Amino acid sequence: MKILLMGHPNVGKSVVFNRLTGANVTESNYPGTTVDYSKGYMRLEGEDVEVIDVPGTFSLEPKDKAEEVAVKMLEKNKKSAIICVIDSVKLERGLYLALEIIEEGYPVVIALNMWDIAQDKKIRIDIDKLSSILGVPVVPTTAISGEGIKELVSTIRKAAPVEIGRILKRSGVV
Amino acid sequence: MRNKIAYDIGRVYLAILGIVAFSFGAAEIMLSITGKELEWGILEMSGDFLAWRGLILLFTGLFYMVSIKNFTDIHQQAKAVMASVMIWIIAGMQIFGMIMGSIPGGEEGGWFSSGENFLAAYSAPYIPSLFLLPFSLVVIYYIYRLRRSEEREREA
Amino acid sequence: MELTVDERWDLIDKISKQTITFGRYSHTLKDAIAEITVKPLTGIPIAIAVMYGFWSFFGAFAGFFTDGFFVKIFDEHWLPWLQKVFPGEGGFLYYILVGDPTADNCFEAFGMLTSGLFVAIGVVLPAIIAFYLFLIIMEDSGYLPRLAVLIDTILHKIGLHGFAIVPIVLSLGCNVPAVTATRTLETKKQRFMMATLLAIFIPCGAQLGMMIEIIPGYVGFVMLYLLIGFFVTGFVLNKIIPGRSPEILMDVPPYRMPTVRNIGRKMWMRVKGFLFVAIPFVMLGVLLVNVLYWWGVIDWLADILEPVLSAWFGVPKETVGPLLAAFLRKDLAIAQLSAIEMTTYQLITSVVLINLYFPCVATFAMILKEGKEGGCKSAPIFLLGSLATLVATVFLFGGLLHLIWIILGVA
């Protein structure tokens, strides 16, 4: 099993990656730091698991070279679990990518990163509700200070592919 | 009502600070255009980048003055904060340069500077921003107090 | 089952209505500051102040180490000692390692152990550290993307957009990571333009450090000249290269306090890169140039190229040596220039020539690699295009500078 970290540019994927693997990927406060992917290993229940920090992408229809790399990585690693890192302040935009990945049939865990900033901006997100609609684990994180990372790791095993039709049903669209 | 007075005092303070900074800036620009330097008591307007420092001070003065209008608006307060930050950049770099210049012994001396030369590096005259530095700190303290009292008001 | 784009957004709309509530949110001071740093009227003065801060910091920091200590260590202690104890004066090994036995400073000696070490450690290392320290703080605080927004309009005139500021600023440190950073630009055209412009016009931190050491009073002029060249060439390239330059939506992150840990870690990674990559190149450069001198190759080349150099650029024929060295390390080449006898104006022209002239080998390799990434077919075109632009600009801007000196009556 491999774990891919995916998300928009500048949502803190590299920070999450560093937290998970203890590697030295430099995080920058501007989009597009990770133009190449980086690999590392994390301990998951006594096992070494490969983690890949995928370049930031807005959707699975690539618009620049970094995004192309991201989509190719996803296609190449059919058997991996995805940690989808979403900026809590821009939940809707992040969900778009998450849904695309879910539709492709990958098991997904959602990390609502930059949780602290969402709190500052008085944005409240009902984690349990979101998790139950989507049927995937949702964990609030503040990677820069390390909050929520432990919980994130412990939920990775719970990730399973979800049928998009069921999400539609649960959300009340159908 | 207490706030009203606090605002008025603050505005007068900012106006004066703004005019002073603006005049210093204008003077520095004029000097650099005419290629002159000025040393007057403990104040000097000379050195590298004189025109740039003048330009920045000019804008600092403008920021302070502009911020007076609608000072209760947070965006106006932000202008006063940034004006202070700009003064810190100039003054801070000047102090940093003094410290860095005071330590080595120079071409003739030993490895490190003698006590006398060390102190000489810090002696007057100083550039205008150094004089403005303490006054710009007051602005930050004032705005900090203002925010605090506004928050308390909102909660009440 | 896959959804269409609209269905997906409908679904997201449904989900977010059930899960997100927005509290009453009033602008904080942080938001207000974030706003005024991107609005041109207030943002440009602030940007000027930040640039001023950068420049003064760079000068004070690098001056402290280089002029305050390293010049003394190398010129008064290391060089005389080496000249005294190193055996075989006049021999090949002495020439390569120590250089000129009569030199009284480490710029002129030009041996691997004298100029090579002095340039790498005494001059360039402090400059690199100063530059990266400031850059990292700008990156981590979130100021850099705001600078990108500010400069967006200007860069659009040459077919790039605001985010091109990231490779531009990076390349003031080193061109190599800057070329990699061009990958965030959307189209092949933009990537080609950016990589080419960077390699030609933007001096790296090592060059900057050397320039401040050698022509302290004229660095501003040289930078301005290069900047004008950057925009003029960009403008022309934008007109003649086919392809699109699309608009980009930029995401500006919130301001954050940089953490000491992250600054330290990044700093170490970048300085490590310099220590293990640049220093061997400097040494290799000195070695190569010295060997070529020893065999008389450089004198021979100098005689052949003299007409071009003195008639077109107005510089002495001895600059051939530095121009060769510039292919390996540009900082080294500038150090070498200082040992050649010429007028200040010729020196400025030579420094500009070295800036414009062929990118250093590391950057060159990087451009080659980036060209390849765009598909095998485009690699030669990418490279040839870059080279053609390079030759044109060297002759144009080098000659133009000569012309300026002639008009001013100083050449």
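Chain letters run A, B, ... following the sequence lines, proteins first and then strands; every chain starts at 1. Quick caveat: nothing in here was measured; it's all calculated off a predicted structure.
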Asks: For C:Phe61 and C:Phe65, take the angle between the two ring planes, folded into 0 to 90°, and tell me which bin it lands in: parallel under 30, tilted 30 to 60, perpendicular over 60.
Replies: tilted
Asks: Could you have a look at C:Ile48, C:Thr42, C:Val50, C:Thr37 and say which one has the most heavy-atom pairs with chain B under 4.5 angstrom?
Replies: C:Thr42
Asks: Relative to chain B, which segment of C:Ile36 carries a heavy atom at a distance below 4.5 Å: side chain, backbone, both, or neither?
Replies: side chain
Asks: What is the ring orientation for C:Tyr52 with B:Phe49, classed by angle as parallel under 30°, tilted 30 to 60°, or perpendicular over 60°?
Replies: perpendicular
Asks: Whether the B:Arg11 and B:Tyr7 side chains hold a donor-acceptor pair (N or O, under 3.5 Å, no angle test) is what I'd like checked.
Replies: no
Asks: With a 4.5 angstrom heavy-atom cut-off, which part of B:Leu58 approaches chain C: side chain, backbone, both or neither?
Replies: neither
Asks: Measuring from B:Phe131:CZ to B:Phe24:CZ, what's the distance to the nearest 0.5 Å?
Replies: 7.5 Å
Asks: Sort out for me which of B:Trp52, B:Trp111, B:Phe63, B:Phe59 touches chain C most, counting heavy-atom pairs under 4.5 Å.
Replies: B:Trp111
Asks: What part of C:Val71 gets closer than 4.5 Å to chain B, counting heavy atoms only: side chain, backbone, both or neither?
Replies: neither
Asks: Among the options B:Gln94, B:Gln77, B:Met98, B:Lys79, pick out the one with the most heavy-atom pairs lying under 4.5 Å from chain C.
Replies: B:Lys79
Asks: Can the positive tip of C:Arg146 be found less than 6.0 Å from the middle of the six-membered ring of C:Tyr255, inside 45° of the ring normal?
Replies: yes
Asks: Evaluate the ring planes of C:Phe201 and C:Phe230, with Trp represented by its six-membered ring, and classify them as parallel (under 30°), tilted (30 to 60°) or perpendicular (over 60°).
Replies: perpendicular
Asks: Name the region of B:Leu55, side chain, backbone, both or neither, that has any atom closer than 4.5 Å to a heavy atom of chain C.
Replies: side chain
Asks: Atom CZ in C:Phe118, atom CG in C:Asp75: separation rounded to 0.5 Å?
Replies: 5.5 Å
Asks: Heavy-atom pairs under 4.5 Å with chain C are the metric here; pick the option from B:Ile99, B:Ile89, B:Ile143 that has the most.
Replies: B:Ile89
Asks: Using a cut-off of under 4.5 Å on heavy-atom pairs, state which of B:Ile103, B:Ile74, B:Val66 scores highest against chain C.
Replies: B:Ile74
Asks: Checking B:Ile90 against chain C: side chain, backbone, both or neither under 4.5 Å from a heavy atom?
Replies: both
